[in-house]
Amino acid sequence: MSEQRPASAAPAPRVVVTAGTTAGAAVREAGLPGKGPDAVVVVRDPNGQLRDLSWSPEADVEVEAVAADTDDGRGVIRHSCAHVLAQAVQQQFPDAKLGIGPPVKDGFYYDFDVDKPFTPEDLQALEKRMKQIIKGAQRFSRRVVPSVDDAKKELAAEPYKLELVDIKSSDNTVDTSEVMEVGAGELTIYDNLDPRSGEQVWGDLCRGPHVPTTKHIPAFKLTRVAAAYWRGSEHNPQLQRIYGTAWESNEALDRHLELLAEAERRDHRKLGAELDLFSFPDEIGPGLAVWHPKGGIIRRAMEDYSRRRHEEADYEFVYTPHVTKGQLFETSGHLQWYKDGMYPGIHMDAEHDAEGNVRKPGQDYYLKPMNCPMHMMIFKSRGRSYRELPLRLFEFGTVYRYEKSGVVHGLTRSRGFTQDDSHIFCAPDQLADELTNLLQFVVGLLTDYGLTDFTADLSTRPEKFVGEPESWTVAEAALEQALKSAGLPYKIDAGAGAFYAPKIDIHVTDAIGRAWQLSTLQVDLQFGDRFDLEFQDSDGERKRPWIIHRALFGSIERFFGILTEHYAGAFPAWLAPVQVVGIPIADEHAEHLRGVAKSLRAKGIRVEVDTGDDRMQKKIRNHTTQKVPFMLLAGGKDVEAGAVSFRFRDGTQVNGVPVDRAVAAIDEWITRRENASPSADAFTF
RNA sequence: GCCGCCUUAGCUCAGUCGGCCAGAGCGUCUCACUCGUAAUGAGAAGGUCGAGGGUUCGAUUCCCUCAGGCGGCUCCA
């Protein structure tokens with residue numbers, strides 16, 4: 001989900017805080033807003049650190065005022081809201097122990113150790129309490145705890161907080177920056193003070209900063225409960241996590257909730273059923289899709305176009321089997337490294353004598369989780385010359401991965417899927433150019449499908465890796481160079497590489513601002529040696545090729561799911577399963593439309609004539625819901641004039657268009673693979 | 001794999017605090033209607049209430065196990 005645009009794009013105002021006075025006073029004196037969506041909630045000091053408005057520096061300092069409607073401002077509101085949630089939970093469930101409660105993208109959460117998981121009714125009750133707390137205008141008050149022992153004494157009833165204090169005091173190697181509880185240098189507690197009596201109502205170990213009072217949390221909503229492992233490890237106990245969201249105004253909250261509703265409407269699992277594209281029959285198994293005819297047409301159109309582009313870019317097409325002997329995956333390393341993610345082996349060919357003794361041991365076959373080992377076999381099938389390089393092998397290769405039951409999710413995370421997989425074998429001096437071209441190819445192809453907003457991650461050597469660190473460095477540098485030449489914005493994701501290769505991941509942002517990881521490019525460091533691959537160079541020496549793994553869609557199923565959501569099911573006309581529907585006003589006009597359909601079909605256009613006995617209005621409704629891009633109506637006037645009337649899925653219409661011009665316009669629109677949804681104002685006949 | 005929730009007709013969902021033939025809308029089928037830009041009318045068919053086991057005189061309803069789904073966590077070659 002995307003962060004909403006800050007309301008004010010103007011640079012943050014700066015104010016000078018005089019020594020001994022508070023940031024809040026300076027902000028007030030400068031006349032900056034103290035309430036409303038652009039209220040200043042914290043300030044940023046010259047070191048970039050966010051500070052409470054009650055912060056009082058020892059020397060004069062210029063700070064930046066941080067408004068509620070900025071990313072940082074929302075983060076502070078959300079974090080404060082998490083505190084309010086925790087206070088409400090401990091009011092309602094006094095035995096609840098606190099975990100952590102940080103802001104996250106678009107919201108916040110807080111983890112609790114409770115005997116019974118929270119119910120939806122609990123959430124309602126908690127929201128009510130939170131509203132009371134917020135109304136009570138409690139002050140967030142920062143207090144430095146003098147020593148670790150003091151902190152432990154004060155937090156004696158909070159075992160998880162004690163653990164955090166221990167980690168902080170005993171082990172500086174643990175990165176606690178993600179944990180909002182403990183800051184750098186000193187331990188602090190934020191007290192919630194009653195505004196009248198000044199009495200401490202609640203408190204939490206926290207590095208801050210916070211909004212001045214709970215009243216500065218203008219709008220929030222608790223969204224769901226879920227379990228989460230303490231400190232993210234499955235070896236730790238599970239806590240109950242409550243998720244919520246908080247915003248600078250009710251309007252911003254509503255916009256966010258509307259975005260969530262829109263995402264739900266676009267959910268490819270829902271649209272997949274409504275548009276009759278695919279299904280996941282229980283009888284087949286979780287994460288294994290069957291493609292219905294309409295989904296099949298879209299998929300084939302996607303694949304056909306991709307094939308054509310690959311042909312133009314000098315790829316060679318190969319096919320490989322879905323199962324193989326275990327030995328191949330031992331050579332590749334999969335069985336040693338990722339057996340858990342593979343379907344269990346199929347034991348084959350064992351023979352026993354009459355007594356049951358093994359006469360022939362047999363062996364295990366495995367469903368392939370990746371295509372690469374097969375492509376290595378193709379390279380190895382004969383001697384290779386430098387003249388053949390770069391050799392680009394391409395396959396729509398279906399792979400099977402044993403995804404854990406809890407992670408299977410429609411087409412975007414399934415157990416059987418098809419990679420548009422390619423392995424490029426090149427000489428070391430070809431690597432950099434090949435990567436650069438490849439990046440341009442990726443972005444070009446994705447753009448043709450209507451995706452326009454890209455970023456990249458360069459994922460470097462992980463903790464668990466194979467190979468020599470030096471070759472990792474070389475490969476990482478080549479990838480980074482390619483990113484620079486392609487001019488793609490990127491960031492480095494340290495330690496996120498695959499165990500055998502550093503990689504570039506391409507992310508796209510969809511129509512409603514969500515980022516999806518799609519393509520991946522990896523410089524392989526292993527397979528050359530593991531499979532003993534060689535080519536003979538111009539100097540007569542046998543050398544190892546470098547191998548680039550790459551998938552553009554990643555998985556066709558997943559890409560299909562993403563495109564479905566990007567277009568909200570209204571696919572571009574060139575991909576739409578039914579591109580044109582003819583709707584006769586009455587039965588007697590059907591014949592005319594059949595003639596039109598025939599001309600369209602002759603151009604390869606997918607067209608139907610709806611001769612059912614629904615009324616014309618009902619047919620329009622049906623085909624609009626089915627997101628058909630072109631509806632052609634014909635009644636007496638059209639038949640007489642040798643014309644048709646266009647109705648588009650957005651409701652616009654153009655009447656009385658001569659048939660040959662209508663056919664030509666539709667054909668032209670589809671042939672140029674226009675991704676926009678056709679509409680009356682896009683056509684002049 | 002872990003935690004919670006869910007599973008009633010093809011779809012979306014009522015309902016049964018344990019009790020006669022389990023309901024609606026949409027869809028499907030049949031008949032009538034032949035209509036100018038988002039739902040014509042009438043009728044019919046369709047469910048061992050996810051599966052198995054238990055408690056009970058009686059289970060779709062309560063309990064257990066399993067399967068599948070949903071939301072997270074962990075994982076993601």
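Order of the sequence lines fixes the chain letters, A, B, ..., with proteins taken first and strands second; residue numbering starts at 1 for each chain. Treat the numbers as computed from the prediction; the structure is a model and nothing was measured. Keep in mind that the numbers below use all heavy atoms, side chains included, and drop hydrogens, waters and symmetry copies.
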Exercise for the section: Report the residue from A/Val639, A/Asp610, A/Val609, A/Leu633 that forms a side-chain contact (heavy atoms from CB on, under 4.5 Å) with A/Leu593. Expected result: A/Val609

Report which part of the nucleic acid [X] touches: base, sugar-phosphate, or nothing (heavy-atom distance under 4.0 Å, all strands).
X: A/Lys637; answer: base
X: A/Asp638; answer: base
X: A/Asn655; answer: base
X: A/Glu274; answer: nothing

Under 30°, 30 to 60°, or over 60°: which ring-plane class applies to [X] and [Y], parallel, tilted or perpendicular?
X: A/Phe648; Y: A/Phe646; value: parallel
X: A/Phe112; Y: A/Tyr110; value: parallel
X: A/Phe683; Y: A/Phe630; value: perpendicular

Provide a list of protein-nucleic acid N or O atom pairs under 3.5 angstrom, restricted to nucleotides 42-50 of chain B.
none

Practice task
Would you confirm whether A/Gln579, through its side chain, and A/Ala573, through its main-chain N or O, come within 3.5 Å as a donor-acceptor pair?
Solution key: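 Yes: the side chain of A/Gln579 pairs with the backbone of A/Ala573.
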
Could you state the atom-to-atom distance from [atom1] of [X] to [atom2] of [N] in whole Å?
X: A/Leu593; N: B/rU37; atom1: CG; atom2: P; value: 16 Å
X: A/Phe646; N: B/rA38; atom1: CZ; atom2: P; value: 17 Å
X: A/Asp610; N: B/rU37; atom1: CG; atom2: C1'; value: 14 Å
X: A/Lys270; N: B/rC26; atom1: NZ; atom2: C1'; value: 13 Å
X: A/Gln617; N: B/rA38; atom1: CD; atom2: P; value: 7 Å
X: A/Arg621; N: B/rC26; atom1: CZ; atom2: P; value: 10 Å
X: A/Leu123; N: B/rG4; atom1: CG; atom2: C1'; value: 11 Å
X: A/Ile620; N: B/rA38; atom1: CD1; atom2: C1'; value: 7 Å

Problem - Contacts of A/Asp113 that satisfy salt bridge (charged side-chain N to carboxylate O under 4.0 Å, His left out) - sequence neighbours left out - result: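 With sequence neighbours excluded, A/Asp113 shows a salt bridge (charged side-chain N to carboxylate O under 4.0 Å, His left out) to no residue whatsoever.
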
Completion exercise
Protein heavy-atom contacts under 4.0 Å, written 5' to 3' over nucleotides 69-77 of chain B as B (base), S (sugar-phosphate only) or - (none), form the string SSBBBBBBB

Problem - Nearest non-hydrogen partners of A/Ser519 and A/Leu552, listed with the distance - result: OG-O, 2.6 Å

Exercise for the section: Could you pull out the closest heavy-atom pair between A/Tyr109 and A/Ala82, with the gap in Å? Expected result: O-CB, 4.0 Å

Write down the protein N/O and nucleotide N/O pairs, taken from nucleotides 30-34 of chain B, whose separation is under 3.5 Å; answer none if there are no such pairs.
| residue | atom | partner | partner atom | Å |
| --- | --- | --- | --- | --- |
| B/rU34 | O2 | A/Asp587 | N | 3.2 |
| B/rU34 | N3 | A/Asp587 | OD2 | 3.0 |
| B/rU34 | O4 | A/Asp587 | OD2 | 3.3 |

Lys/Arg cation over aromatic [Y]: [X], 6.0 Å, 45° cone:
X: A/Arg558; Y: A/Phe417; answer: no
X: A/Arg661; Y: A/Phe685; answer: no
X: A/Arg461; Y: A/Phe465; answer: yes

Given the [atom1] atoms of [N] and [M], what is the spacing between them in whole Å?
N: B/rU16; M: B/rC35; atom1: P; result: 48 Å
N: B/rC6; M: B/rG50; atom1: P; result: 13 Å
N: B/rC3; M: B/rU74; atom1: C1'; result: 11 Å
N: B/rG15; M: B/rG52; atom1: P; result: 25 Å
N: B/rA9; M: B/rG23; atom1: C1'; result: 11 Å
N: B/rA22; M: B/rU48; atom1: C1'; result: 13 Å
N: B/rG18; M: B/rC49; atom1: C1'; result: 15 Å
N: B/rU8; M: B/rG46; atom1: C1'; result: 14 Å

Practice task
Using the test ring-ring contact (aromatic ring centres under 6.0 Å, His included), find all partners of A/His322 that sit at least two apart in sequence or belong to another chain.
Solution key: A/Tyr400

Exercise for the section: Could you list the residues that satisfy ring-ring contact (aromatic ring centres under 6.0 Å, His included) with A/Phe559, not counting sequence neighbours? Expected result: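 Partners of A/Phe559 by the ring-ring contact (aromatic ring centres under 6.0 Å, His included) criterion, ordered by chain and then number, come out as A/Tyr449, A/Phe553.
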
Exercise for the section: Mind running side chain to side chain contact (heavy atoms under 4.5 Å, CB included) on A/Arg550 and A/Asp420 for me, showing each step along the way? Expected result: CA-CA 8 Å; A/Arg550 47 113 288 190; A/Asp420 58 331; 4.2 Å; yes

Practice task
Could you pull out all residues at least two apart from A/Gln327 that satisfy side-chain contact (heavy atoms from CB on, under 4.5 Å)?
Solution key: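 Counting only residues at least two positions away or on another chain, A/Gln327 forms a side-chain contact (heavy atoms from CB on, under 4.5 Å) with A/Glu330, A/Thr331.
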
Fill in the blank from the handout: Per the under-4.0 Å heavy-atom filter, residues of residues 624-633 of chain A near RNA chain B come out as A/Thr624, A/Leu633

Practice task
Return yes when atom CD of A/Gln336 has more than 12 non-hydrogen atoms of other residues, nucleotides or ligands closer than 6.0 Å, and no otherwise.
Solution key: yes

Handout entry: Under the 3.5 Å Watson-Crick or G-U criterion, the dot-bracket string of RNA chain B, with | for inter-strand pairs
Key = (((((((..((((.....[...)))).(((((.......))))).....(((((..]....))))))))))))....

Problem - Donor-acceptor pair present, A/Thr119 side chain and B/rG4 base, under 3.5 Å - result: no

Problem - Basic-acidic side-chain contact under 4.0 Å: A/Lys294, A/Asp276 - result: no

Practice task
List in chain and number order the residues that pass side-chain hydrogen bond (donor to acceptor under 3.5 Å, both in side chains) with A/Thr245, two or more places apart in sequence or in another chain; answer none if no residue qualifies.
Solution key: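 side-chain hydrogen bond (donor to acceptor under 3.5 Å, both in side chains) check on A/Thr245 returns A/Trp247.
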
Practice task
Could you check A/Asn371, A/Thr418, A/Thr320 and say which one makes a side chain to side chain donor-acceptor pair (under 3.5 Å) with A/Thr398?
Solution key: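 Of all the options given, the one that passes is A/Thr418.
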
Practice task
Scan for side chain to side chain donor-acceptor pair (under 3.5 Å) pairs involving residues 257-268 of chain A, sequence neighbours excluded, and state none if there are none.
Solution key: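 Sorted pair list: A/Glu258-A/Arg265, A/Glu262-A/Arg265, A/Glu262-A/Arg266, A/Asp267-A/Arg269, A/His268-A/Glu565.
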
Completion exercise
By nearest-heavy-atom nucleotide on RNA chain B, the more 5' of A/Lys618 and A/Gly636 is A/Lys618

Under 3.5 Å, which N/O atoms of the protein pair with N/O atoms of nucleotides 5-13 of chain B?
none

